[in-house]
Amino acid sequence: MASEGVLLGMGNPLLDISAVVDDAFLTKYDIKLNNAILAEEKHFPMYDELASKGNVEYIAGGATQNSIRVAQWMLQTPGATSYIGCIGKDKFGEEMKKNAQAAGVNAHYCEDEAAPTGTCAVCVVGGERSLVANLSAANCYKTEHLKRPENFALVEKAKYIYIAGFFLTVSPESIQLVAEHAAANNKVFLMNLSAPFICEFFHDAQEKVLPYVDYIFGNETEARIFAKVRGWETENVEEIALKISQLPLASGKQKRIAVITQGADPVVVAEDGQVKTFPVILLPKEKLVDTNGAGDAFVGGFLSQLVQQKGIEDCVKAGCYAANVIIQRSGCTYPEKPDFN
């Protein structure tokens with residue numbers, strides 16, 4: 001049984017605007033499948049174009065929020081999880097609040113007066129997805145909100161804190177504050193590499209927080225970019241995971257565990273100078289709806305067992321179970337109850 005508020009997530013709450021598109025659409029907007037980027041001006045018309053498609057769906061998203069919602073679903077204990085991020089005072093923001101409440105997540109949103117709630121274009125071709133995020137209000141998160149007693153109480157209550165790498169572009173000082181709190185209070189701090197562009201262009205912010213990270217998640221593409229940026233002469237995911245786990249630690253931190261997913265290939269876990277691999281649950285191609293949220297769901301499943309102090313094997317199994325459920329549905333959504341034991 002998970003205690004109340006045991007897990008806290010902090011990140012960019014985004015409303016996913018998801019639709020099936022074609023290759024011409026990808027070419028038109030110069031986007032690639034299995035990638036995540038921040039929107040530039042050339043991408044702005046994309047949101048209306050997606051919204052006009054007959055198959056468009058609006059789903060509460062944002063990487064960290066997805067992981068927290070999935071962990072909450074797996075735990076089935078109302079209020080076991082909390083979430084912090086910034087939304088706008090608008091219809092999408094209201095949707096987000098309703099969604100978090102329905103999911104059983106205790107969300108403390110900062111509400112920006114001026115900026116609209118952030119959105120993420122989810123462009124699906126053959127079950128694979130390309131993400132283009134327009135952060136808007138999510139980009140306005142300020143440390144002042146975090147420092148307010150009613151919000152910092154969530155940090156103090158949590159024993160596990162998860163933040164996707166995407167938040168490094170928004171509020172590295174909030175991340176640092178929480179990371180240092182975790183180190184000083186013997187709490188578990190977890191992060192995600194999140195996207196190639198984070199590893200490439202936010203290297204310094206990432207580097208600063210890594211010593212505080214007990215568990216680092218990522219996929220094989222991100223891991224390879226992470227290695228390339230650091231001049232590690234290898235493409236081997238197991239070697240890279242090992243090297244990431246052995247990067248320097250902040251004082252008071254015992255060790256780091258690196259967990260790298262590889263789509264349908266085995267999950268790689270590096271811990272204590274050893275690498276283990278765990279097979280995933282394979283899914284026939286015709287059952288794949290879309291991969292949007294698969295990595296987030298993996299983390300959510302993993303966290304649901306970690307906060308109950310289960311071993312790494314159980315954590316990975318739960319992660320694989322959650323990811324398998326999510327890829328058979330549109331976006332990061334799930335049935336009423338999990339069927340995991």
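- Y321 and D339 are not linked by any side-chain donor-acceptor pair at a separation below 3.5 angstrom, with hydrogens and angles left out of the test.
- Taking a cutoff of 4.0 Å between a charged side-chain nitrogen and a carboxylate oxygen, R230 and E207 qualify as a salt bridge.
- For CD of Q101, the number of neighbouring non-hydrogen atoms (other residues, nucleotides, ligands) closer than 6.0 Å is 12 at most.
- Using cut-offs of 30° and 60° for the angle between ring planes, the F152 and H181 rings count as perpendicular.
- Aromatic ring orientation, H145 versus Y141: perpendicular (interplanar angle above 60°, classes split at 30° and 60°).
- The side chain to side chain donor-acceptor pair (under 3.5 Å) test with Y29 is passed by exactly one of H43, E49, K42: E49.
- Applying the salt bridge (charged side-chain N to carboxylate O under 4.0 Å, His left out) definition to pairs two or more places apart or across chains, those involving residues 105-116 are K89-E113, K97-E111.
- Between F197 and F202, the ring planes are perpendicular. Angles over 60° get that label, and only those under 30° would be called parallel.
- When the shell of 6.0 Å around NZ of K310 is examined, it contains more than 12 heavy atoms from other residues, nucleotides or ligands.
- K187 NZ: more than 12 foreign heavy atoms inside a 6.0 Å radius.
- Around the CD atom of Q254, the shell of radius 6.0 Å holds no more than 12 heavy atoms that belong to other residues, nucleotides or ligands.
- Of the residues N292, N34, D290, the one that meets the side chain to side chain contact (heavy atoms under 4.5 Å, CB included) test with E128 is N34.
- Across I161, N151, V178, T64, a single residue satisfies side chain to side chain contact (heavy atoms under 4.5 Å, CB included) together with M10, and that is V178.
- For the atom pair E57 CD and I17 CD1, the distance stands at 12.0 Å (nearest 0.5 Å).
- The line from CD of E150 to NE2 of H108 is 7.5 Å long, rounded to the nearest 0.5 Å.
- A heavy-atom distance below 4.5 Å is found between the side chains of Y162 and S67.
- Rounding to the nearest 0.5 angstrom, the gap separating the CG atom in D22 from the SG atom in C123 is 10.5 Å.
- Residues passing the salt bridge (Lys or Arg N to Asp or Glu O under 4.0 Å) test with K276: none are found, sequence neighbours excluded.
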